[in-house]
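Residue numbering restarts at 1 for every chain, and letters A, B, ... go by the order of the sequence lines. Nothing here was measured: the structure is a model prediction, and the numbers come from that model.
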Number of protein chains: 2
Amino acid sequence: MKATIGDVAKKAGVSITTVSRVINNNYPVSSATRRKVEDAVSRLNFTPNTLARGLIQKKTFTIGVVVPSITNLFFPEVVNGIETVMQPEGYTFFLTETLERDEKEKKHVNRLLERQIDGIIVIGPSNHIMEEGFYERITGEIPTVIVNGFNKGIKCNFVLTDEKSGIREVLEYLYGLKHRNMAFMRGRKSYSYDLKEKVYKDFFIEKSIPLNEDNIIEIESGNNIASVKMAENAISRRLAKPEPPTAVVCCNDWMAVGAVRAADALGLAVPEDISVTGFDNILVSQLNKPEITTVDQGMNDIGKSAARLLLELINGGNRQAPLKKIILETKLVKRKSVKQPEGMV
Amino acid sequence: MKATIGDVAKKAGVSITTVSRVINNNYPVSSATRRKVEDAVSRLNFTPNTLARGLIQKKTFTIGVVVPSITNLFFPEVVNGIETVMQPEGYTFFLTETLERDEKEKKHVNRLLERQIDGIIVIGPSNHIMEEGFYERITGEIPTVIVNGFNKGIKCNFVLTDEKSGIREVLEYLYGLKHRNMAFMRGRKSYSYDLKEKVYKDFFIEKSIPLNEDNIIEIESGNNIASVKMAENAISRRLAKPEPPTAVVCCNDWMAVGAVRAADALGLAVPEDISVTGFDNILVSQLNKPEITTVDQGMNDIGKSAARLLLELINGGNRQAPLKKIILETKLVKRKSVKQPEGMV
DNA sequence: ATTTTAATAGAAAACCTTTTCTATAAAGTG
DNA sequence: CACTTTATAGAAAAGGTTTTCTATTAAAAT
């Protein structure tokens with residue numbers, strides 16, 4: 001049976017109070033007594049019960065981290081960033097996966113709240129649940145940071161990357177290389193895809209390039225390995241149609257890998273015959289042949305920023321603190337999958 | 001301020017006991033009373049404080065999961081397996097990264113113990129810490145499962161993959177294709193690398209093939225993207241020496257990717273000129289060109305098995321239960337990076 | 001009609017800490 | 001020497017639950 005502070009007190013022949021003071025070192029204790037207590041602690045292998053401590057202090061040094069899927073290359077990086085910041089501060093975190101199921105997302109968040117976490121970071125929340133006002137309510141209860149999900153009307157703390165400028169930079173880059181016929185590949189409806197598509201369309205208007213509707217390609221699957229196959233198929237179909245694009249701008253790296261494969265299969269060389277860009281800079285983009293030009297979101301930094309913001313909220317103690325929206329810069333990573341199109345000089 | 005069971009009781013005009021009974025549904029309560037309580041619960045948005053509950057029940061429905069690094073492709077799969085099993089049972093888990101630092105590993109485990117977890121799963125533990133008997137002590141305190149780490153003298157519960165037969169199957173396969181000059185690439189000293197090297201050497205003795213010491217190649221880095229570069233360099237050096245191997249057997253997929261790159265750089269085609277095999281079947285092996293023949297460890301299943309074993313231990317309640325060692329089958333995944341060597345028919 | 005049993009509800013103890021308040025002894029001050 | 005500080009230590013309350021034990025009422029059994 002696990003030793004309690006009472007056992008230690010008895011063994012050391014002092015009061016519980018004194019033991020507590022030695023452990024927490026927050027009140028003067030004579031060196032003789034201290035020695036006795038320390039001796040008893042180590043002999044009994046005593047470790048304080050943080051449930052009891054948390055109960056009285058109303059503080060658990062515990063946070064919750066909610067991710068859609070831990071096996072998705074993207075999220076472990078963010079989680080690692082969070083850990084990097086929180087761990088030295090003495091925090092431990094609960095990790096839960098929602099697998100993009102709305103019921104699970106809510107259930108898990110509630111489960112975390114019951115566990116008296118000091119704060120919560122939700123990565124890639126369901127937009128539907130946000131719209132319900134669920135996270136606004138949570139924000140009212142405990143320090144809450146939403147990562148990579150945004151909805152204009154919702155009053156929460158956000159950490160986002162500037163995907164808008166990221167995708168815009170890609171377009172500028174390709175445009176500068178004289179690409180005019182650029183396809184755009186996205187996944188099913190989501191804040192992030194919608195945002196990028198808007199930037200894409202606006203760019204064409206701004207540059208007065210006629211928009212070819214065939215060039216906006218949507219695939220079912222999201223941000224995982226399944227997208228490779230789907231992207232490959234979708235791009236193959238597109239390349240079979242008239243006026244094949246000289247470049248394919250993809251909303252994530254998986255899609256870009258798929259695009260490269262589709263080109264390969266049709267005997268088109270990347271980047272000589274067709275350029276491809278990705279987004280996210282997950283290692284897949286780096287390992288691909290050719291290495292894929294993509295946009296780095298600094299996933300690790302996202303995690304760190306979110307964690308730092310959460311710490312601020314926790315330590316600030318002011319529930320009425322003004323809400324923050326932190327937007328992180330993206331960075332275009334130029335690699336081997338982009339080139340000026342044939343015939344353009 | 002968060003509502004307590006007392007607030008609910010007052011609002012509903014009943015005792016705390018009764019509220020508890022409604023919430024846990026473990027004692028008859030008249031339907032009128034139940035309604036009053038449920039009403040108060042939802043009006044006050046009450047959720048029970050699991051710290052208090054855990055304190056008295058000595059059960060938190062919380063486990064600890066310790067991984068070397070969450071960004072390593074390997075571990076998220078295991079973690080996901082654990083979540084898949086534990087989540088429906090009402091458990092939430094703490095995740096902590098050790099980054100392969102011994103002090104961190106111990107500190108994190110202790111921190112978890114303080115948090116009164118019901119059990120702990122340690123993935124890829126430090127062999128040094130195991131040898132200290134640290135995990136034997138932990139096993140005496142709470143249900144403990146060690147995943148993918150093994151040490152003969154240590155009395156713990158283990159979940160392992162049969163790496164021995166996995167690497168053996170690779171060797172048999174290559175041997176069957178008439179490869180005789182096979183290089184072996186490993187990382188720095190660790191249980192798993194040592195084991196595989198032994199199987200490799202034994203295989204050569206068994207088949208009476210003279211062993212070329214140059215064919216045992218060790219690189220510094222472990223199981224991550226950094227290994228790609230190091231493997232590439234190491235293999236390049238080996239290929240420059242006499243009697244270049246017709247096949248390279250790698251201890252993980254990263255190394256295999258590096259080997260393919262080295263071959264590429266030297267103008268050797270994989271698999272026509274040289275065959276390459278990996279280990280682990282992380283998605284990197286699948287995305288490579290050519291797709292890499294590797295050994296699937298069923299990482300997700302490892303996690304599930306570990307979780308199921310842990311549940312057994314937790315629910316069994318018998319701390320003296322006989323220790324278990326679960327060994328999971330591996331599976332050779334034949335892809336495109338292996339071929340019969342030139343000149344052999 | 002009286003006694004048992006069943007159904008429902010509450011009071012109080014317990015879980016393990018921290019923290020506030022009180023007590024004692026030693027040391028410093030006039 | 002009497003009085004106040006200071007240093008050290010303990011008793012008891014508090015934190016939010018569950019659980020055991022006791023109490024009340026109504027229904028069933030005699």
Identify, residue by residue, the members of residues 9-22 of chain A with a heavy atom below 4.0 Å from DNA chain C, and return them in order of residue number, or none.
-> A/Ile16, A/Thr17, A/Ser20, A/Arg21
Rounded distance in Å - CZ (A/Arg53) to P (C/dC16) | 15 Å
Is the phosphate of C/dT19, meaning OP1 or OP2, less than 4.0 Å from a side-chain N or O of A/Gln57?
-> yes
With the threshold set at 4.0 Å, does a side-chain nitrogen-carboxylate oxygen contact exist between B/Glu141 and B/Arg137?
-> yes
Does CD in B/Glu131 sit with more than 12 non-hydrogen atoms of other residues, nucleotides or ligands closer than 6.0 Å?
-> yes
Do the side chains of A/Asn300 and A/Asn80 get nearer than 4.5 Å, heavy atoms only?
-> yes
Can B/Arg53 and B/Ile23 be said to form a side chain to side chain contact (heavy atoms under 4.5 Å, CB included), step by step?
-> CA-CA 12 Å; B/Arg53 177 182 286 171; B/Ile23 291 164; 4.0 Å; yes
Outermost DNA chain D nucleotides near chain B [under 4.0 Å, heavy atoms] = D/dG16 to D/dC21
Hey, does the side chain of B/Lys58 come within less than 4.0 Å of C/dC16's phosphate (OP1/OP2), counting only N and O?
-> yes
Are any of the side-chain nitrogens in A/Lys104 or A/Glu97 under 4.0 Å away from the carboxylate oxygens of its partner?
-> no
Which distance, rounded to the nearest 0.5 Å, do you find between the OG1 of A/Thr62 and the CZ of A/Phe93?
-> 11.0 Å
Quick one: pull up CZ in A/Phe158 and OG1 in A/Thr144 and give me the separation to the nearest 0.5 Å.
-> 10.5 Å
Tell me: CG of A/Leu55 to P of C/dT19, nearest whole Å?
-> 12 Å
May I ask you to verify if any side-chain N or O of A/Asn24 is less than 4.0 angstrom from the OP1 or OP2 atom of C/dT18?
-> yes
A/Thr17 side chain to A/Ser20 side chain, donor-acceptor N/O pair below 3.5 angstrom = no
Report the distance from atom CG of B/Asn26 to atom P of C/dT8, rounded to the nearest whole Å.
-> 14 Å
Nearest-Å distance, CG (B/Asn49) to P (C/dC16)?
-> 16 Å
A/Arg43 and A/Asp39 ion-paired at < 4.0 Å | yes
Hey, is NZ on B/Lys324 packed in by over 12 heavy atoms from elsewhere, all under 6.0 Å?
-> no
From CG of B/Leu51 across to C1' of C/dC16 the rounded distance in Å is 12 Å
Please work out which residues in residues 28-37 of chain A have a non-hydrogen atom less than 4.0 Å from an atom of DNA chain C and list them by number.
-> none
Please state whether the rings of A/Tyr91 and A/Phe61 are parallel, tilted or perpendicular, taking 30° and 60° as the class boundaries.
-> tilted
Of A/Tyr27 and A/Ala3, the one whose closest nucleotide on DNA chain C sits nearer the 5' end is A/Ala3
Mind calculating the distance between CD (B/Glu114) and P (C/dT17) to the nearest angstrom?
-> 10 Å
